[in-house]
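After the structure tokens below, expect a handful of questions from me.
Residue numbers run from 1 in the order of the sequence given.
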Amino acid sequence: MLHHRLLGYLDEVARSGSIRQAAKRLGVASSAVNRQILALEEAMGTPLFERLPRGLRLTAAGEVLMRHVRDTLNDHERMLAQVAALKGLTRGEVTVATMVSIAAGVLPGVIRAFRETHPHIVVKVMVLPAEAIAPALLAGEADLALAYRFPPDPRLRCIAEFEHRLGAVMAPDHPLNGRYQVRMADCLAHPLVVADRSMTLRTVLEQLVPEGASFTPVVETNSLELMKRLAQTSPHITFVNLSDVGEEIRRGVLAFTPLADAGAIIQRASLMQRARSALDGPAHLLAIRIQAEFARESTID
């Protein structure tokens with residue numbers, strides 16, 4: 001890895017187009033800057049600057065190197081911000097774009113835990129339709145995005161993925177509770193409260209209905225909170241991921257039983273950032289907390 005001081009020399013020479021001007025701005029001798037550049041050109045085996053009568057201009061090789069230099073300098077600044085954050089020095093804000101089910105499921109626990117350790121960071125949550133989440137992240141309206149089924153896009157980088165068990169959720173006194181697992185066919189005889197067609201979960205559920213069986217929910221909604229509240233009253237059943245009901249399981253108001261039919265179907269949530277932007281301190285810290293909380297909620301006994 002190139003030395004940080006040398007990167008600064010290269011960046012300043014490229015910006016000013018002059019070794020003399022760069023040295024003046026950096027507060028070092030012109031000879032020191034020139035010597036570093038010549039040594040690097042010799043090591044790389046190619047000129048990085050064209051020597052013109054009125055200054056210097058990057059060569060094609062120099063352009064390639066300069067992109068690396070500036071990315072590295074930016075990453076270095078982000079790293080310093082993150083170290084300061086980990087030392088408890090960060091103030092600021094972070095915005096995460098997400099979907100209804102996650103906002104009503106695991107995200108409140110994430111934010112509570114995050115606020116305990118970072119009380120001076122403001123967390124903003126944008127709850128959006130699934131198709132609007134990636135555009136909001138790319139437009140810079142959010143620092144992070146957390147959702148299911150992100151479309152492939154080279155402008156996005158996945159920080160982490162979380163695989164979830166899909167299951168039937170019901171009151172602890174429900175007749176189906178206590179089984180190791182249940183089939184969708186077992187659940188169809190009970191009043192079903194299910195995600196409506198605006199939620200990605202609905203498509204998954206319909207794949208699990210046995211051929212020829214009648215799938216007739218008594219309630220359809222895009223509110224995960226309503227689904228969970230109704231499921232607390234037997235004999236209603238709803239279907240969500242384990243991480244969506246961790247808090248209710250701990251409080252003893254809901255029970256979760258894996259769906260046997262869902263073994264081949266993976267519900268995968270992704271935590272994303274813009275590919276060409278490094279996370280600043282607050283966003284980096286929230287990303288760490290999201291990963292920790294998802295790991296905890298996915299392993300509830």
Side-chain angles (χ1 to χ4, degrees), residues 1-2 4 7 10-11 14-15 44 46 48 58-83 85 92-103 105-107 110 123-164 166 198-204 207 241 243 264-295 298:
M1 178 178 175
L2 296 174
H4 184 259
L7 299 187
L10 289 167
D11 182 51
R15 290 180 189 278
M44 297 189 71
T46 186
L48 301 174
L58 288 166
T59 63
E63 292 281 3
V64 172
L65 176 63
M66 195 51 55
R67 285 195 290 272
H68 165 74
V69 166
R70 287 173 179 159
D71 285 347
T72 301
L73 289 172
N74 287 337
D75 287 345
H76 181 75
E77 293 303 315
R78 295 288 187 270
M79 179 273 293
L80 292 178
Q82 290 166 11
V83 169
E93 64 180 47
V94 54
T95 301
V96 56
T98 192
M99 57 206 323
V100 170
S101 60
I102 293 176
V106 70
L107 201 54
V110 169
V123 179
K124 297 183 177 181
V125 179
M126 301 171 61
V127 180
L128 301 171
E131 67 274 10
I133 294 174
L137 180 60
L138 290 170
E141 297 170 10
D143 305 294
L144 299 167
L146 181 61
Y148 294 102
R149 300 187 178 186
F150 269 100
D153 192 320
R155 297 171 296 172
L156 298 177
R157 184 172 77 83
C158 181
I159 301 172
E161 286 188 332
F162 316 101
E163 294 184 358
H164 299 294
L166 180 64
S198 70
M199 300 179 71
T200 58
L201 180 58
R202 177 60 175 264
T203 303
V204 175
Q207 296 176 34
N241 298 305
S243 61
I265 298 178
I266 297 175
Q267 279 282 86
R268 182 177 290 113
S270 301
L271 178 62
M272 309 291 283
Q273 70 176 90
R274 291 182 295 281
R276 297 186 65 82
S277 298
L279 297 178
D280 64 10
H284 172 73
L285 291 170
L286 183 60
I288 291 173
R289 171 49 59 186
I290 289 172
Q291 293 176 70
E293 196 70 13
F294 262 98
S298 298

Task: Rounded distance [0.5 Å steps], CG in Leu156 versus CD1 in Ile133 - done: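 With rounding to 0.5 Å, CG (Leu156) is 11.5 Å from CD1 (Ile133).
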Open item on the list: Less than 4.5 Å apart, side chain to side chain, heavy atoms only: is that true for Asp11 and Met66?
Closed with: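 Heavy-atom side-chain distance check passes, below 4.5 Å.
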- [ ] Could you tell me whether the side chain of Thr95 reaches within less than 4.5 Å of the side chain of Glu141, counting heavy atoms only?
- [x]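 Contact flag for Glu141/Thr95 side chains = no.
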- [ ] Locate the shortest heavy-atom distance separating Leu128 from Ala136; write the atom from each residue and the value.
- [x]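 Looks like CD1-CB, 3.7 Å.
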Open item on the list: Looking at every non-hydrogen atom in both residues, tell me the closest pair between Met99 and Ala130 and how far apart they are.
Closed with: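 Scanning both residues, the minimum pair turns out to be CE-CB, 4.0 Å.
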Task: Close side-chain approach of Leu286 to Val110, heavy-atom, < 4.5 Å - done: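 They are in contact (side-chain heavy atoms under 4.5 Å apart), so the answer is yes.
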- [ ] Can you see which heavy atom on Ala283 is nearest to which on Val94, and at what distance?
- [x]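 That closest heavy-atom pairing would be CA-CG2, 3.6 Å.
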Open item on the list: Using side-chain heavy atoms (C-beta onward) and a distance below 4.5 Å, is Leu144 in contact with Ile159?
Closed with: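 Answer yes - side chains close enough.
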Task: Nearest heavy-atom neighbours spanning Ala278 and Gln273 - done: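 So the two residues come closest at CA-NE2, 4.2 Å.
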Open item on the list: Within the 4.5 Å heavy-atom criterion, are Tyr148 and Leu201 side-chain neighbours or not?
Closed with: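 No. Closest side-chain heavy atoms not under 4.5 Å.
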Open item on the list: Using every non-hydrogen atom in the two residues, find where Ala145 and Phe150 come nearest and quote the distance to one decimal.
Closed with: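 In this case the closest contact between Ala145 and Phe150 is CB-CZ, 3.6 Å.
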Open item on the list: To the nearest 0.5 Å, what is the distance between SG on Cys158 and CG on Asp153?
Closed with: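 Atom-to-atom, Cys158:SG and Asp153:CG are 12.5 Å apart.
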TODO: With rounding to the nearest 0.5 Å, note down the distance linking CG in Asp143 to CE in Met126.
DONE: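 Answer for the CG-CE pair, Asp143 versus Met126, is 10.5 Å.
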Task: Arg149 CZ to Glu131 CD distance, which is reported to the nearest 0.5 Å - done: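 Between atom CZ of Arg149 and atom CD of Glu131 there are 13.5 Å.
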TODO: State, with a plain yes or no, whether a side-chain heavy atom of Thr59 is found less than 4.5 Å away from one of Thr46.
DONE: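 Contact flag for Thr59/Thr46 side chains = no.
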- [ ] Nearest 0.5 Å please: distance from the OG1 atom of Thr98 over to the CG atom of Leu146.
- [x]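 Those atoms lie 4.5 Å apart.
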- [ ] First locate atom CG of Leu137, then atom CZ of Arg155, and finally report the distance between them rounded to the nearest 0.5 Å.
- [x]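 Rounded to the nearest 0.5 Å, the CG-CZ separation comes to 10.0 Å.
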